[in-house]
Every structure is written in structure tokens, then in C-alpha cells.
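Heads up, the thing below is written out as C-alpha cells.
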Amino acid sequence: MNTKTFGQIKTRRDFLDAFQEAMGGAHEHLRSHWSFDKEQNLAKSYLVEFHPRSHKGKGHEWDQNIVFSALKNISAHYDTRVSRTEDPTLLILSHEDNKQKAEFVIDCYDPRFLTFHTISNARASDNFILDKLTQNEPEFDRFWFPVALLENTETRERVTGFEAKFDPLLDGHHILLQELQADQSQKNHSNGHSAKPRLTNKPKLSMHIERPDAMGIYKDLKSRVSDLLTDMPLDGVLTERSDIEVNTYAKAHIKSYGKITGRGPDFNSYLQIVNGTLESYANAVTRIEERYWLKLEPQTTDSHQGFSITGQPFTIQFNRLFNMSALLDVMFNCKAPFRLMGNVEQVEEDYFAIDAIDLHINQRVSFEIAPELMRIYLYEGTCGNTVVRILRSLQHHIDSTLNHPSLTE
Amino acid sequence: MGLTELQQVNAVVGLGMKIGKWPSTLADHGYTLDKIELKFRITDKSQPGVNLVINPDLLYIHEVRNISLIIELKSGTYQGFKQLDGFVSVTAIDLYRYGRVPLDTKVIADHEIHVVQIINTEFLDEYLPEFERLKHKACLWHIDKDAIQAKYGNGPDNNLHRTISTGVSFKGYRIPTRLVPALPTSDDRHSLVVTVVKAVMHFWSESNRTITPLQVAEDQYGSLWGLFGTEAQSQYLKIAEETLDDMARCEFHHFMRFGPGESKWTLLRLPNTASSGQATKTLQNFQTTMSEYTQRRLHKKKYTGFNPSQENILDIPGVVREEKITRRGRKKTTASKTGTSIE
């Protein structure tokens with residue numbers, strides 16, 4: 001597809017036709033030649049959460065015009081052009097960098113949870129969405145799927161493969177909590193010295209398995225987490241959706257950082273996977289905000305005044321103990337993956353409270369951290385996205401066996 | 001060292017919630033937190049024509065058992081019973097009529113009010129004899145990092161009384177500290193100073209160019225700000241101004257400057273002005289500065305670093321510049337001594 005074709009997209013019908021043609025063409029070429037034709041790429045969708053800087057209110061009531069204005073504003077920073085279509089919920093964006101051009105059709109039917117669809121080269125599209133838009137612009141953030149939300153994919157789609165990835169940020173500082181308790185009880189029984197808790201180095205893990213019963217294998221491996229395989233957080237799932245009446249199908253590779261790549265002849269089926277993923281995530285984030293937004297609400301009349309409090313902290317419980325100082329250094333160093341800047345207050349010897357700024361979106365969030373728990377205080381107005389991002393980062397870099405409140409109920 | 005009043009508020013508010021790793025004693029007994037910092041007036045029956053201001057820290061309601069639990073928290077030493085005497089004179093109709101507490105009017109005649117003063121354990125020896133001497137109608141509970149326990153009085157709820165009398169241990173739990181923020185009405189100066197630092201962090205991270213005490217207040221309290229009385233507002237604004245001034249003169253002098261005549265502080269080295277290679281370093285420097293500043297204020301230490309309000313480094317006592325004196329330099333020195341200009 002060339003620029004002209006993208007420029008011709010005026011309606012949702014045009015969008016579906018153009019992407020169906022591109023996806024079907026790529027699929028056919030791949031089947032017959034085992035390679036893509038020139039400028040032929042897989043369909044990709046980037047799921048992006050948008051929160052306008054100007055919006056300070058409780059809800060998320062803004063429209064597609066605000067999305068358009070925000071994208072227009074960032075065009076000054078990057079070589080970007082954004083235009084409207086006849087459908088107010090569809091925008092077209094093109095970006096050029098080092099002669100690499102990426103073009104996107106932006107579905108902003110829900111003006112908070114956006115989808116950037118593209119059939120441009122992955123390097124160019126990743127460069128714009130992952131390295132620029134969601135990295136530097138606090139109004140835009142990626143979707144961050146914690147393990148529970150990726151696992152939940154099997155309730156909507158047929159899962160034919162999975163990826164697990166663990167990249168430890170703390171080395172040699174953790175021990176299994178059960179081991180410590182066992183050691184403690186042994187010490188109590190023997191009334192004497194016990195062996196010191198063992199320090200184990202966390203192995204780096206990268207696993208990719210494609211099998212029809214992929215989720216069964218994943219669950220089996222996860223249940224057997226051991227010294228050899230200490231952490232196995234789900235990082236991506238391969239899904240498939242087919243149409244019973246028409247003999248067609250699509251496959252989608254959903255990554256934990258909100259990128260979906262499609263294969264197969266049917267763009268419509270692929271789009272259903274994308275939209276299902278988006279809705280599931282949007283529901284989880286909205287639910288987090290409803291349940292955990294902490295707010296003081298004024299209860300005032302002429303004769304009296306007072307405040308009521310609603311919400312509660314989101315509490316994560318670790319199954320391993322950490323060196324607190326190392327954990328704080330890793331989390332609050334302004335760097336990826338957490339990108340948190342904070343003021344650490346020591347409450348007790350091994351208990352800290354931190355008032356922080358989430359540098360992804362420049363919003364306030366507070367923490368209480370002890371070796372066995374972390375409470376996240378999400379203040380009214382701070383995106384629920386912050387909680388799922390922190391949760392995902394903890395699972396992928398600190399402790400994948402942690403427990404947290406349900407995200408799907 | 002005992003809990004600060006803010007820590008006490010958070011601990012007791014936490015007892016009315018179900019949050020991980022903290023006991024939910026009040027919630028388990030059926031109490032729900034109705035209001036924080038409730039303030040209303042009732043008739044002072046002891047003085048004709050005079051109103052009494054009732055301003056307890058917390059008000060819990062037990063709808064089923066038709067009980068209100070009025071809690072007053074004190075982190076300091078015994079200061080008399082003036083406030084508490086007012087609370088025990090409150091009737092259910094007062095709560096309903098003036099405090100707008102949502103009581104069921106059909107059973108309001110049977111409504112019982114339980115007044116509790118919670119103090120730090122370290123001051124128990126001061127409070128307890130006074131409660132006993134005056135046979136006060138209010139109950140006395142004491143709290144510290146290890147437990148909360150009733151020490152005097154029993155109140156209308158026997159179940160709750162039994163539980164608190166035995167003592168609720170906090171061992172193995174982690175006290176919540178961020179449920180309720182430091183409000184402008186608070187006496188905890190350090191907590192209020194920290195709110196100012198938090199506001200500066202927020203403004204700076206968003207690359208805002210200036211900040212004023214009022215913006216600090218609005219950032220921290222949002223729509224609640226307008227509800228605080230004039231006295232509390234001006235107290236907070238004064239603390240905000242002093243803190244901004246102190247920050248700019250001390251550790252934060254790289255990141256803040258006072259704009260003379262404008263009553264606002266300019267924020268410098270903003271994240272959006274840093275080159276991509278320096279952005280993280282700039283953020284980390286700001287974070288380190290913030291930590292140094294709050295630690296110094298917490299421990300009430302004097303700032304010993306560079307003070308930008310001094311015109312140049314030679315103004316610092318004991319610092320002497322050692323350099324060659326050039327002809328022009330000699331002329332300048334002579335001119336300044338005689339009060340003339342060489343320009």
C-alpha cells in the first residue's frame with residue numbers, strides 16, 4: 001500500500017477494505033513465495049491509552065477532537081502529519097524519520113483507549129509509537145498487560161502459543177519466603193543455629209512455545225516453578241480466530257507491551273481479536289480506577305463541613321523477600337522499566353513510604369513498600385494504567401509469583 | 001517515639017477499611033467511616049447564647065447497632081478536656097440536625113454515641129489519672145506502633161469494647177501512611193512542608209516554568225482547598241511560601257529561583273529542556289536533591305551548602321581568592337576602596 005491509498009481512506013469501510021487487501025495480499029504472497037513482496041508487511045496494531053494534559057477532572061469525558069488536537073500538537077516535535085477522515089472516530093497519521101515512513105489509521109472510537117493500525121515496516125512503526133509517542137509524550141501511554149490479563153485471553157480466543165520472559169533486575173538478593181519460614185521453624189525446633197537462608201541468582205528467561213494446547217503447557221510449567229525455573233511471567237500470547245461459515249481465519253500475536261501483530265487472510269477476524277483485547281484491558285483499567293481511586297470528598301453544607309474517604313490502596317504481596325535498598329534503587333531511579341521519581345520516607349527499619357511521580361504520564365502515585373508487600377495509592381485522576389504497568393514490570397523484572405487483587409472481576 | 005497525629009489518623013482510618021496487611025477491627029465490627037474532620041456547632045448548654053464548635057477528627061457509624069463513634073486523636077501531652085467535654089454533650093439529634101450525619105430518624109431516640117480519645121501510649125500516665133479523677137464519660141484508648149488498646153471506659157458496644165480492651169496487635173502488620181493526606185488544618189509542620197516539596201516535584205516534572213504558594217495548595221488539595229477556613233488557608237500558604245523560599249535558597253538552588261517582585265518561583269533545568277542524553281541524569285539529580293532537602297528538614301538540621309543569595313563565593317566567610325593581581329585588577333580594587341567607578 002502506498003501513501004495515496006492511505007490518503008484515500010475516508011470511512012471505516014475504506015479502512016477495512018484497504019487493510020483486508022493488504023493483509024490478504026501479504027498472506028497469499030507468503031504462502032506462495034515464503035516471503036513478503038516489496039513493501040509488504042504484516043498488519044500491526046498498537047494499543048495506546050490517551051489522557052489529555054488539560055483534563056484534570058474525575059472522569060474521562062473528552063472527545064475525538066481532543067485526540068486530534070493532541071496529535072496535532074506533537075507534530076511540532078516530530079515529522080508527523082495528522083488528518084481527519086469523514087468518520088470522526090478515524091484519524092490518519094503519517095510519520096517520517098531517517099527516510100523511514102510509518103503510516104497509521106487511528107481508531108479513536110473510544111477516545112481514551114486508541115488503536116494505531118498500520119501496515120508499515122515494523123522498524124518505522126515501532127520507532128514512532130514505542131520510542132517516541134509513548135516514551136516522550138506523557139499524554140500517551142502503551143497498554144501494559146500483566147500476566148493475569150494475558151492469561152485471560154484464553155476466555156476470548158483460541159491460544160496456540162505463548163511467550164514467557166523474565167529479565168531480573170535484582171540479583172542474588174532474594175530467597176523464597178517459604179524457605180525462610182521453613183528455616184525459621186527448623187531453627188525453633190532445634191533451638192540452635194540453622195543454615196543461613198540460601199541466596200539464589202535469578203535466571204534470565206526467554207521462552208517461546210507454539211502448540212495447540214499452549215495454555216495447558218504454560219499452566220503446567222508455571223505450577224512447577226522451582227529453583228531452575230524461578231520466574232515464568234507470560235509476555236505474549238499467539239491467538240487464533242476463525243469463521244465457521246466462511247472458511248477463513250486470522251492469527252494475532254499479542255505482546256505484553258500493547259503491540260499486536262496479525263497474520264492470515266482475514267482482517268475482520270484479526271480486528272475482532274484486537275478489539276476484544278482492547279475492551280478487556282479498558283474494563284480492567286476502569287475497574288481499577290473505580291475500586292482503588294483514593295479520594296477525599298467534601299461533605300459540606302451551610303451548617304457543617306467534613307470529608308468522606310473512598311477507595312483503598314492496591315496491595316501486592318510478594319512471595320519472596322528482597323533487599324529493600326536494592327528494590328528501592330531499581331524502582332525509583334527515574335529509569336525504565338518503572339520510570340518513577342520519588343521521595344523515600346523511612347517508616348520503619350524495613351518499611352518505606354514513597355510519594356512519587358509516574359514519569360510515563362507525570363501523575364502522582366504513592367507507595368508503601370516492605371519486603372513482603374507493596375501498597376500502591378492511586379489518587380483520583382491518576383490513570384489506572386499506572387497500576388497495571390507497575391504490576392507488569394514487577395512480574396517481569398522482580399517477582400513473577402507475587403499475588404495481587406483480581407483485575408478481571 | 002510515638003505516632004504523629006497524621007500517622008494516628010491513617011492508622012485508625014485503616015482500621016475501618018479492608019486493606020492488605022493491616023487489621024480491619026472497626027470494619028469487622030460493622031463500623032463505616034462517615035466523616036473526617038467533621039465540624040459543626042451546637043448550643044452550649046452551660047452558657048446561654050453561646051455556640052460550641054464540635055470538630056472531632058473521625059466519625060464512624062454502625063448502622064445496624066445504631067451507634068456513632070466519635071474519635072478524637074491526640075499525639076501530644078495532656079492539655080485538658082475542653083474539646084472532649086463538648087463531644088460528650090452532643091446528642092443524636094445534634095448529629096442529625098447540625099452535623100448532617102445520616103441517622104435513621106425512626107430510631108434516632110435510641111441512637112447511642114460513643115466518644116473515644118486516642119492518645120500515644122507514651123502519654124498514658126498523664127491522661128489516665130485525669131480520666132479517672134474526673135470520671136469522664138469518654139473512653140480512653142492508646143496507640144503505638146505495636147498495638148491499640150482501650151484503657152478507660154467501655155462505651156455502648158460491648159463487642160468492640162471487648163476486642164479493644166484485649167488489645168489489637170499490629171505485630172506483623174504495616175501501618176498505612178498515605179490514606180489521608182496532611183490537611184492545612186494540621187499542626188504537623190513537617191508533613192505540610194513535605195506536601196510543598198511534592199507539589200514542586202509535580203510542577204517540575206511537568207516542566208512548568210513557575211510556581212506560587214497558591215498553586216502548591218491547589219495542586220495538593222484540588223477542589224478541597226476552598227473548603228478550608230481562612231485561618232487554615234493562610235497558615236498553609238505561609239508554610240508554602242517559607243518552604244519555597246527555603247528550597248530556592250538551599251538544596252534546590254539549581255532548580256529554583258525567586259522572581260523578585262512577582263511573588264513566584266521560577267523552576268529551572270526543566271526535564272523538557274534537557275537533552276535526551278541528560279534527561280535521566282537531570283531527573284535523578286532532582287530526586288537526590290529532594291531527598292537531601294526532606295531529610296534535612298525532618299532532622300531540623302541547618303543547611304551548610306552553597307547559598308545562592310550570597311552575591312558570590314567570596315562573601316562566604318573564610319574564602320579568599322588567590323590570583324595574580326593584574327593592572328586592571330589593581331585599579332579596580334583601588335576604585336572600589338575609594339568608592340569610585342572605573343567604568
Side-chain angles (χ1 to χ4, degrees), chain A residues 53 56 58 136 138 294-301 303-309 311-317 332-336 339-348 350-351 353-359 362-364 366-370 372-375 377 379-381 403-405, chain B residues 7 13 16-22 33-41 54 59 97-101 145 174-181 183 194-195 197-198 201-202 204-207 219 221-224 226-229 271-272 276 279-284 286-287 290-291 293-294 298:
Chain A
R53 186 177 285 211
K56 304 280 185 200
K58 299 174 185 176
N136 303 332
L294 202 65
K295 53 191 166 188
L296 280 185
E297 282 182 315
Q299 307 280 316
T300 303
T301 66
S303 66
H304 89 294
Q305 75 172 50
F307 305 100
S308 65
I309 187 169
Q312 55 177 308
F314 185 91
T315 307
I316 294 169
Q317 300 205 18
F332 301 95
N333 63 5
C334 311
K335 289 200 282 194
R339 289 188 71 199
L340 292 165
M341 175 169 74
N343 189 24
V344 179
E345 176 199 338
Q346 186 163 16
V347 183
E348 288 166 25
D350 60 347
Y351 182 41
I354 303 104
D355 295 309
I357 295 287
D358 176 0
L359 295 169
N362 288 338
Q363 289 179 340
R364 292 189 297 150
S366 291
F367 298 83
E368 282 160 357
I369 306 181
E372 75 285 2
L373 101 157
M374 178 182 294
R375 293 196 193 108
Y377 289 81
Y379 297 110
E380 186 185 20
N403 298 323
H404 61 80
Chain B
Q7 286 173 323
V13 167
M17 293 177 157
K18 290 194 184 281
I19 57 177
K21 282 270 172 185
W22 189 244
L33 181 62
D34 188 65
K35 288 193 180 63
I36 298 170
E37 290 276 342
L38 175 64
K39 188 174 185 179
F40 61 100
R41 292 191 186 100
I54 302 295
L59 174 75
R97 192 180 279 159
Y98 306 115
R100 300 292 166 96
V101 178
K145 284 186 175 166
R174 301 290 184 175
I175 188 169
T177 61
R178 295 295 188 269
L179 291 170
V180 181
L183 297 176
V194 171
T195 64
V197 178
K198 277 158 60 179
M201 169 170 72
H202 192 203
W204 185 83
S205 73
E206 284 197 312
S207 294
D219 178 74
Y221 302 109
S223 59
L224 301 181
L227 302 174
F228 298 108
N272 71 353
S276 56
T280 306
K281 193 77 196 153
T282 309
L283 291 163
Q284 287 171 335
F286 186 91
Q287 180 174 261
M290 193 164 53
S291 170
Y293 182 77
T294 47
L298 176 67

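Within every chain, numbering begins at 1; the chains are lettered A, B, ... in the order of the sequence lines, protein sequences first and strands thereafter.
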- Okay, side chain of B/Q287, backbone of A/C334: is any donor-acceptor separation there less than 3.5 Å? no
- Checking heavy atoms, do the side chain of A/V344, its backbone, both or neither come under 4.5 Å from chain B? backbone
- Query: So, A/E368 versus B/T177: side-chain donor-acceptor pair below 3.5 Å or not?
  - Reply: yes
- Is B/R178 positioned over the aromatic face of A/Y377, cation under 6.0 angstrom from the ring centre and no more than 45 degrees off axis? no
- Message: Using heavy-atom distances under 4.5 Å, tell me whether A/L359 contacts chain B through its side chain, its backbone, both, or neither.
- Response: side chain
- When rounded to the nearest 0.5 Å, the distance separating NZ of B/K35 from CD of A/E297 is 12.0 Å
- Message: With a 4.5 angstrom heavy-atom cut-off, is it the side chain or the backbone of A/L296 that approaches chain B, or both, or neither?
- Response: both
- Item | Max heavy-atom pair count under 4.5 Å with chain B, selected residue of A/I316, A/I309, A/V347 | A/I309
- Query: Minimum heavy-atom separation for A/Q363 to B/H202, with atom names?
  - Reply: CA-NE2, 4.5 Å
- Query: Is there side-chain contact between B/I175 and A/Y351, with at least one heavy-atom pair below 4.5 Å?
  - Reply: yes
- Item | Pairs of heavy atoms under 4.5 Å with chain A: top-ranked of B/I19, B/D34, B/L33, B/V194 | B/I19
- Heavy atoms only, distances under 4.5 angstrom: which of B/L59, B/I54, B/N272, B/I36 has the most pairs with chain A? Name it, please. B/I36
- Where does B/L227 contact chain A at under 4.5 Å (heavy atoms): side chain, backbone, both or neither? both
- Message: Taking side chain as everything from C-beta outward and backbone as N, CA, C, O, which of these in A/S366 sits under 4.5 Å from a heavy atom of chain B? Side chain, backbone, both or neither.
- Response: side chain
- Message: Taking side chain as everything from C-beta outward and backbone as N, CA, C, O, which of these in A/L340 sits under 4.5 Å from a heavy atom of chain B? Side chain, backbone, both or neither.
- Response: backbone
- With a 4.5 angstrom heavy-atom cut-off, could you sort out which part of B/F286 is near chain A: side chain, backbone, both or neither? side chain
- Heavy-atom distances under 4.5 Å only: say whether A/Q346 touches chain B with side chain, backbone, both or neither. neither
- Item | Contact leader toward chain A among B/L298, B/L283, B/V180, where contacts are heavy-atom pairs under 4.5 Å | B/L283
- Message: Given heavy-atom pairs under 4.5 angstrom as the criterion, report whether the side chain, backbone, both or neither of B/M17 touches chain A.
- Response: side chain
- Query: chain B heavy atoms under 4.5 Å from A/P298: which part of the residue, side chain, backbone, both or neither?
  - Reply: both
- Query: Under a 4.5 Å heavy-atom cut-off, does chain A meet the side chain of B/K18, its backbone, both or neither?
  - Reply: backbone
- Message: Can you tell me which portion of A/N403 sits under 4.5 Å from chain B's heavy atoms? Options are side chain, backbone, both or neither.
- Response: neither
- Between A/Q312, A/R364, A/E348, which shows the greatest number of heavy-atom pairs under 4.5 Å with chain B? A/R364
- Message: What part of B/K21 gets within 4.5 angstrom of chain A, counting heavy atoms only: side chain, backbone, both, or neither?
- Response: both
- Task: Under 4.5 Å heavy-atom distance to chain A, tell me which part of B/W204 shows up: side chain, backbone, both or neither.
- Result: side chain
- Query: Is the side chain of A/R375 donor-acceptor paired with the backbone N or O of B/G20 at a distance under 3.5 Å, no angle test?
  - Reply: yes
- Message: Counting only non-hydrogen atoms closer than 4.5 Å, does B/P181 touch chain A with its backbone (N, CA, C, O), its side chain (CB onward), both, or neither?
- Response: side chain
- Note on the structure: Between A/A370 and B/R174, the two heavy atoms sitting closest are CB-NE, 3.4 Å
- Note on the structure: Scanning both residues in full, the closest heavy-atom pair of A/N362 with B/S205 reads ND2-O, 3.2 Å
- dist B/T280:OG1 -> A/M341:CE (nearest 0.5 Å) comes out at 11.5 Å
- Note on the structure: Ranked by heavy-atom pairs below 4.5 Å to chain B, first place among A/A353, A/S308, A/P405, A/P138 goes to A/A353
- Toward chain A, the part of B/L183 with a non-hydrogen atom under 4.5 Å: side chain
- A/Y379 versus chain B, heavy atoms under 4.5 Å apart: side chain, backbone, both or neither? side chain
